[in-house]
Amino acid sequence: MDRPPNERLLLKGKRRIIETLLETAVRSSAFVVIGALVLIFVFVAKEALPLFTSADVHKEVTLWTMVRPQENGEFVWQPVSEKPKYSILPLAVGTLKVTLVALLIAIPLAILAAIFTSEFAPQLLRELIKPVVELLAGIPSVVIGFFALMVVATWLQDAFGFVFRLNAITAGIGLSLAVIPIVYTVAEDALSAVPQAFRDASTALGANQWQTAWRVVLPAAMPGVFAACVLGFGRAFGETMIVLLASGNAAMMSFDPRESFRSFSATIAAELGEVVYGSPHYHVLFFIGAFLFVITFFLNLAGHWYVDRLRARLEGKLKA
Amino acid sequence: MRRWIKFVGLAFTTLTGLACLVIVAMLAIILGNIAINGWSILSWEFISGKPRAGMTEGGIFPAIFGTVVLVLLMTLAVIPLGVAAAIYLHEYARQGSKLVHVVRLALANLAGVPAIVFGLFGLGFFIKFVGAGMDHAFFGGALAFGQPGILWAALTLAVLTLPTVVVATEEALRAVPLSYREVAYAAGATRWQVVRHVVLPQSVAGILTGTILAVSRGAGEVAPIMFTGAAYYLPYLPKKLNDQFMELGYHIYVMTTQSPDVEATKPILYATVFVLLVLTFALNFLAVLIRSRIRRRLRTA
Amino acid sequence: MSTSADALDSQKTAAEVKIRVRNLDAYYGSFHALKNINLDIPSRAITSIVGPSGCGKSTLLRCFNRMSDGIRGFRVKGEIRLDGGDILGRGVELTQLRKRVGMVFQRPNPFPLSVFENVVYGPRVHGEENSRLADLVEKSLRATDLWDDLKDRLGQNALSLSAEQQQRLCISRLLAVEPEVLLMDEPCSALDPFATSRIEVLMQELKQDYTIIIVTHNMQQASRASDYCGFMWLGELVEFADTPTIFTKPRNPRTEGYVTGRFG
Amino acid sequence: MSTILEVRNFSAWYGHYSALSDITLEVLDHEILGIIGPAGCGKTTFLRSLNRLNDLVPDFRVEGSIGFWGVDIYRQDVDLAALRRKLGMVFAVPVPLPGTILENLRLGSRLNNRKADAGALVEKTLRAAYLWDEVKDRLHQSAFALSGGQQQRLCLARTLMLEPDVLLLDEPCSGLDPISTAKIEEALVELKRELTIILVTNNVMQASRVADRTAFFLQGRVVEFGLTQQIFVNPKEKETYEYVSGRFG
């Protein structure tokens, strides 16, 4: 009745080949993900590098001349002219202008809507709103850009009498449509991640729904809501087609949101197609691309960090 | 006091509800405007014909064809990779390990890289590096793959949609209860057997739906293909992997910004936008259809 | 076998009745969770409700402060009166009901805020003036023997406290809104034996001022800590009596089978 | 009787949380070992350490050794799949997999790549789990259609399909009615003839009814370990007495 110690059965013999193969395949696919991100940076930065190293490029443009006032004291982006001018400040101002307008619209709307869905909406309505936002996220940005250009611009001009048909307000409204889904989704996730136990505790103390939402759920989810804003900022900052279509594409150094402008991303999209391969202009455009990459990279890191913080807070690992 | 508390609560609740309403209204206005203006122009001739008279007349068949082929190629590239990566993250990797952390961080960051940067990457990596390298190695330096083409555009888009596919797949995997896996492991299943016999059969519906949704996002992106393969106008359809192609989104961009006569192009433009929307949303509907189909099959089983 | 409403009404009860339950039925969708419950909860005493998991004891508890109102498909029929006033009616202000009937949950659930903010949350929600808050905090924390431990670190995040302290804090938070009834849903199941016995001591102190209803799966806890005890089984209240009777000479064989550990 | 499992100075941690410390005990062939203790005392962790199922939990870490027929199961080169087929497990909540009753049972034989005698084995294990009469006419129906008690007995049968040496049971009756509980207990006593059973239970009386020997766990330690009779009638430690007489838990 005594069974002998059966080492042979228990210890690994030759591992099945298919098992090993599959594991390797699956594991390497994860490395592809990391590889993709690294390759993106390497290959964009590689083409931007001559801006720092090449003497030929330096004859026409350096990092210093891109931020300094030009001879007449102005800041002009005019890469295709007799004497190319590469001031990136108008682009920076334009980008910030439109991003600000878009976030001013998108963040309050998206966060309030997220609160409504996670706290107040009955189940039925909740299941209606989520697909709506998903649908909104599914509209290609070129379509939103087209809509802003064709319809929103006309409405706004008729209503407010803007001198420039295409301006930061028009583009910002369009851009907000692209930002709303991401802010909404991240904020809604954060709010829903707040354990039901907190809501129960609050309800059992006699708080009504809005008190629970405002005093318990929102503070608890704050890092996640903040992450939503940061990620929304990143999305707005890098969005191309909407801005390209609805901005008017005039690289003007103006802080007025009612005037036309041009953004970093739109500049690349509009000019890379016609640029001479290997010219200083080509390298400058890649430099802008690398810059966009780095900025959004850090914004994403920050967003991610806040989401982690939210998790730590909800698990009670964070001191007040 | 109690009345005041009630009033503030009502005001706050109404405000949040209004925000929802505004978002729904925005979507309705866009879709309504495009559907109304686009539908009236739509005809069989428009869908099956080629652009004429500087794109102010004629149809958009080459663009539809190009879009469909592009999306198919992209899907072929991204789904195996994305699903495998998700399986690694969720089934194979030790949770909380450094590698998992790094992969997740990379995914989150990849999802946040602006679309236009993908365009630059496609140009710099696929065309100038891989393509030119292939030309050098296989074609004796003759220009074949070292130029914009549909393969490079599709691969660029595949990298762009990779994070969404991984996230969607992971979500489907997460929906399979942990207890099912424990049962299988406790019954002496190896990792692959658990994935093959328990996890995949339970999550295939979710994976399909999620990935199709992810792919439909990619289908509308224009910025990444501007420099990697899309063409203004082509008299022929793409036949080889390194051919350039017309694409709906890009076609819209071109007609909006480069048209010699905006008013004359406007109706065609609306119809093109409508077709693009229908194509993207058709993919969504397909996803929903597959999901309900598989669910029904599982229920009757 | 469960007590009929008429029998209860005609019965002379020694203790004053705080909550009167008559012909109470509850449903989750088509699932019949509570079946014709009749029960008188005595004032300023500890009443325990025991039974195997899924017998409906938590559902019953959650009827007393209507915590289940938000659950889809949940319906109740019948009557519950708190000091004679109907609490199931449409016109009942839920926030006021819950102020009078407070609840402690199975897992300690302090808010991810400071100790101070946790305690003053309830009073603030009910519009208490700021000047009274500091006093309330001290009073409530003293009542649960937390004051000496925590008075110097009221700003600390409540989630960093030990499980027992968290549960005590949850009770303090409840006392700060000055309720009349305390509902406790397995309040010690997340605690170790020593913390459990200390919480039981606390309950004995609190019953001088409050009516306490405790749901527990731990028979011994019920026999030690409660004055009255009800045994529930598949949605019915099988037997309700003073605790010694339930544990020493139960009338119903099912009660006997359960309290002696034959199943559960 | 010979020793089938030998646990020596075994400790386990989840991250920094110490779940088991310095457990030493041995399990004899063909006995029912009961493990009792209040919630959170480490009894489930211990059970899941025996088939290394806790390897799935991130940050789980052990020290000491567990010998199974003389082989330390925490050795690097142990084939986990083979180990887990030798030590079958039934969970606290019945977990039927989506699919028919038969498909559920075949999970085990499929993993073992064994098809020949599956039919005979199905009947044998279903009988052993006291389920055959109730399901013999509906083996092709969904396992979800069974009642909770039947589902748990199906899970028992599914585990028996592996023909394990040891049966690990994690509070197998916690959600069940008295009749199902009685059936499972009856099945266990029968099964003892063929294999070794380790039964974690939150119901002290259940241990006293079916276990040959009982270990009482408290806060990650074995407080007392001996013949069931002795643990219940004449415990050596004060905590044991307090627990089995229901003073806490």
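Since we're looking at a predicted model, the values are computed, not measured. Below, read A as the first sequence line, B as the second, and so on, with proteins coming before strands; counting in each chain starts at 1.
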Between [options], which has the largest tally of heavy atom pairs under 4.5 Å with chain A?
| options | value |
| --- | --- |
| Asn33(B), Leu18(B), Ile34(B) | Asn33(B) |
| Gly124(B), Gly122(B), Ser216(B) | Gly124(B) |
| Leu10(B), Leu89(B), Thr272(B), Leu123(B) | Leu123(B) |
| Gly9(B), Gly220(B), Ala223(B) | Gly9(B) |
| Ile29(B), Thr257(B), Leu213(B), Asn284(B) | Ile29(B) |
| Ile252(B), Ile23(B), Ile30(B) | Ile30(B) |

Within a strict 4.5 Å, meaning less than it, do heavy atoms of the [X] and [Y] side chains meet?
| X | Y | value |
| --- | --- | --- |
| Leu27(B) | Val133(A) | no |
| Tyr92(B) | Arg27(A) | no |
| Pro140(A) | Val222(B) | no |
| Ile139(A) | Leu31(B) | yes |
| Met226(B) | Leu272(A) | no |
| Gln209(A) | Thr13(B) | no |
| Leu269(B) | Met150(A) | yes |
| Phe125(B) | Ile40(A) | no |

Side chain, backbone, both or neither: which part of [X] has a non-hydrogen atom closer than 4.5 Å to chain B?
| X | value |
| --- | --- |
| Leu136(A) | both |
| Leu39(A) | both |
| Ile180(A) | side chain |
| Ile129(A) | side chain |
| Glu134(A) | both |
| Val44(A) | side chain |
| Phe264(A) | neither |
| Ala137(A) | both |

- [ ] Enter the distance from Leu125(A):CG to Cys20(B):SG here, rounded to the nearest 0.5 Å.
- [x] 7.0 Å
Task: Rounded distance [0.5 Å steps], CD1 in Ile5(B) versus CH2 in Trp210(A) - done: 7.5 Å
Task: For Ala45(A), side chain to side chain contact (heavy atoms under 4.5 Å, CB included) partners two or more places apart - done: Phe41(A)
For chain B, which of [options] has the most heavy-atom pairs under 4.5 Å?
| options | answer |
| --- | --- |
| Leu299(A), Ile173(A), Val132(A) | Val132(A) |
| Gly273(A), Gly145(A), Ala25(A), Ala269(A) | Ala269(A) |
| Val307(A), Leu292(A), Ile115(A), Ile268(A) | Ile268(A) |
| Ile288(A), Asn208(A), Val151(A) | Val151(A) |
| Phe120(A), Phe286(A), Phe43(A), Tyr184(A) | Phe43(A) |

Using distance only, find each side-chain donor-acceptor pair of residues 236-248 of chain A under 3.5 Å and give its atom names and separation, not counting sequence neighbours.
from      : atom 1 : to        : atom 2 : distance (Å)
Glu239(A) : OE1    : Arg235(A) : NH1    : 2.6
Glu239(A) : OE2    : Ser141(A) : OG     : 3.3
Glu239(A) : OE2    : Met241(A) : N      : 3.1
Thr240(A) : OG1    : Gly238(A) : O      : 3.3
Ser247(A) : OG     : Val243(A) : O      : 2.8
Ser247(A) : OG     : Asn249(A) : N      : 3.1
Ser247(A) : OG     : Asn249(A) : OD1    : 3.4
Ser247(A) : OG     : Phe261(A) : O      : 3.4

Open item on the list: Sub-4.5 Å heavy-atom contacts with chain A: which residues of residues 156-169 of chain B show up?
Closed with: Val159(B), Leu162(B)
Task: Region of Val8(B) in contact with chain A, defined by heavy-atom distances below 4.5 Å - done: both
TODO: Take the angle between the ring planes of Trp214(A) and Phe12(B) and call it parallel below 30°, perpendicular above 60°, tilted in between.
DONE: perpendicular
Which heavy atom of [X] sits nearest to which heavy atom of [Y], and what is that distance?
| X | Y | result |
| --- | --- | --- |
| Ser176(A) | Met26(B) | OG-CE, 4.4 Å |
| Ala30(A) | Tyr88(B) | CB-CD2, 3.3 Å |
| Val142(A) | Gly249(B) | CG2-O, 3.6 Å |
| Ala84(B) | Ser29(A) | C-OG, 3.2 Å |

Open item on the list: Between Tyr270(B) and Phe146(A) (judged by ring centroids, cut-off 6.0 Å), do the two rings come close enough to count as a pair?
Closed with: yes
Within 6.0 angstrom of [X] [atom1], more than 12 heavy atoms from elsewhere:
| X | atom1 | result |
| --- | --- | --- |
| Arg165(A) | CZ | yes |
| Phe129(B) | CZ | no |
| Arg174(B) | CZ | yes |
| Glu171(B) | CD | no |

Task: Expected output: side-chain Glu19(A) to main-chain Thr190(B) donor-acceptor under 3.5 Å - done: no
Task: Cation-aromatic face contact Lys128(B)/Tyr277(A), 6.0 Å, 45 degrees - done: yes
Task: Test log, rule side chain to side chain contact (heavy atoms under 4.5 Å, CB included), inputs Ile34(A) and Leu99(B) - done: CA-CA 10 Å; Ile34(A) 304 176; Leu99(B) 181 62; 4.0 Å; yes
Enumerate, atom names and distances included, each donor-acceptor pair closer than 3.5 Å involving a side-chain atom of residues 101-121 of chain B, sequence neighbours excluded.
from      : atom 1 : to        : atom 2 : distance (Å)
Arg104(B) : NH1    : Glu170(B) : OE1    : 2.9
Arg104(B) : NH1    : Glu170(B) : OE2    : 3.2
Arg104(B) : NH2    : Glu170(B) : OE2    : 3.3
Asn109(B) : ND2    : Leu105(B) : O      : 3.0

